[in-house]
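Only one structure is covered here, and it is reproduced in the block below.
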Amino acid sequence: MTRFRDRWPNLARTVLPADDADRVLWYGLLVVLGAAALTLSAKVQVPFWPTPFTMQTLVVLLIGAVFGLRLGIATVAVYLAEGAAGWPVFAGGGGYAYFFGPTGGFLVGFLVAVAVVGYLAEHGFDRRWHTALITFLAGDAVLFAFGVAWLAYLYGFAKAISIGLMPFLLAEAVKIILAMVALPFAWRFVGPRFGYRH
């Protein structure tokens, strides 16, 4: 019987060596690279209207889709652990205090969002643009739900919406469109070259 994860492999599993021993090494490397990508995406601000933004939420969504559920969770967990330990991986530095400040809900949301996207991707939702749209909308919605809920606890619901959601709606729409286009295209390009047909 074909194992489910072999029937619906994530993109990383598709391109990595088939030998499980080799994959362990590659998975470790991907976790390190993914955490580094999250750090870099937190540091670079993109000029935009009505407010500048980072590419971090896009990277979280892509990690979930490309790495899948377990590897995606491991990658974001390592990134959050680095930040909690004081490494300057967050936009403004590092330290466990960030988890109790205004961005704390979003940081927790990263972990839940990557799990949601990874789960849907491993059920084939990242293969076509319309299901990829559902996948990334779901991941982004979960991420912002956690972020806004924590801001509402700190400052009240109205202020949470005004500072934690409204300024970012247009930017998030652009990121979701980018992800929605990128993943199905990646599958069309990579899949047949590694023996996967969808």
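Keep in mind it's a predicted model, so treat the numbers as computed, not measured.
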For this session: Could you grab the distance from atom CG of D126 to atom CG of L11, nearest 0.5 Å is fine?
Result: 7.0 Å

Exercise. At their closest point, which heavy atom of R128 faces which heavy atom of P184, and how far apart are they?
Worked result: C-CG, 3.6 Å

Problem set entry | Closest non-hydrogen atom pair between A113 and V142, with its separation | N-CG1, 4.1 Å

Exercise. Okay, side chain of W26, backbone of R13: is any donor-acceptor separation there less than 3.5 Å?
Worked result: no

Problem set entry | Check: F125 and V117 side chains under 4.5 Å, non-hydrogen atoms | no

Exercise. Taking side chain as C-beta onward, heavy atoms only, is V174 less than 4.5 Å from F48?
Worked result: yes

Exercise. Taking the six-membered ring for Trp, are F90 and Y79 ring centroids under 6.0 Å apart?
Worked result: yes

Exercise. Of all residues at least two apart in sequence or in a different chain, which pass the ring pair (Phe, Tyr, Trp, His ring centres under 6.0 Å) check with Y27?
Worked result: none

For this session: Mind jotting down which residue pairs meet the ring-ring contact (aromatic ring centres under 6.0 Å, His included) criterion with at least one end in residues 155-183? Sequence neighbours excluded, please.
Result: none

For this session: Let me see the working for M55 and V46 under side-chain contact (heavy atoms from CB on, under 4.5 Å), right down to the final yes or no.
Result: CA-CA 8 Å; M55 298 300 286; V46 179; 4.1 Å; yes

Exercise. Does one hydrophobic cluster hold both I63 and V181, with members joined at side-chain heavy-atom distances below 4.5 Å?
Worked result: yes

For this session: Could you grab the distance from atom CG of L151 to atom CD1 of I163, nearest 0.5 Å is fine?
Result: 5.0 Å

Exercise. With a 4.5 Å heavy-atom cut-off, do T57 and L143 have their side chains touching?
Worked result: yes

For this session: Determine, using the 4.5 Å side-chain heavy-atom cutoff (strictly less than), whether F136 and L170 are members of one ILVMFWY cluster.
Result: yes

Problem set entry | Single-linkage hydrophobic cluster, 4.5 Å side-chain cutoff, F53 and I161 together | yes

Problem set entry | Backbone of G92 reached by a side-chain donor or acceptor of Y98 within 3.5 Å | yes

Exercise. If you look at every heavy atom in L120 and A138, which pair is closest and at what distance?
Worked result: CD1-CB, 4.2 Å

Exercise. Roughly how far, to the nearest 0.5 Å, is the CG atom of L111 from the CZ atom of F106?
Worked result: 15.5 Å

Exercise. What's the shortest heavy-atom distance between V148 and L165, and which atoms?
Worked result: CG2-CB, 4.0 Å

Problem set entry | Backbone N/O of A121 and side chain of R127: donor-acceptor pair under 3.5 Å | yes

Exercise. What is the distance from atom CG of L38 to atom CG of L80, rounded to the nearest 0.5 Å?
Worked result: 8.5 Å

Seminar exercise, completed: Residues A179 and L58: closest non-hydrogen pair is CB-CD1, 3.9 Å

Problem set entry | Minimum heavy-atom distance between E82 and A35, given as atom pair plus value | OE1-CB, 4.1 Å

Exercise. Say you draw a straight line from CD of Q56 to CD of Q45; how long is it, rounded to the nearest 0.5 Å?
Worked result: 11.5 Å

Problem set entry | Any V66 side-chain heavy atom under 4.5 Å of N10 side chain | no

Exercise. Any link between F185 and I176 through a network of hydrophobic side chains (Ile, Leu, Val, Met, Phe, Trp, Tyr) touching at under 4.5 Å?
Worked result: no

Exercise. If Ile, Leu, Val, Met, Phe, Trp and Tyr residues are connected whenever their side-chain heavy atoms lie under 4.5 Å apart, and connections chain through other members, are L62 and L29 in the same group?
Worked result: yes

Exercise. Between CG of L61 and CG of L137, what distance do you get to the nearest 0.5 Å?
Worked result: 9.5 Å

For this session: Check whether any side-chain N or O of E122 sits under 3.5 Å from a backbone N or O of L69 as a donor-acceptor pair, and report yes or no.
Result: yes

Exercise. Should the ring pair H123 and Y119 be called parallel, tilted or perpendicular, given that the plane angle runs from 0 to 90° and is split at 30 and 60?
Worked result: tilted

Problem set entry | Trace of the side-chain contact (heavy atoms from CB on, under 4.5 Å) decision for F144 with E172 | CA-CA 10 Å; F144 272 84; E172 292 307 305; 3.5 Å; yes

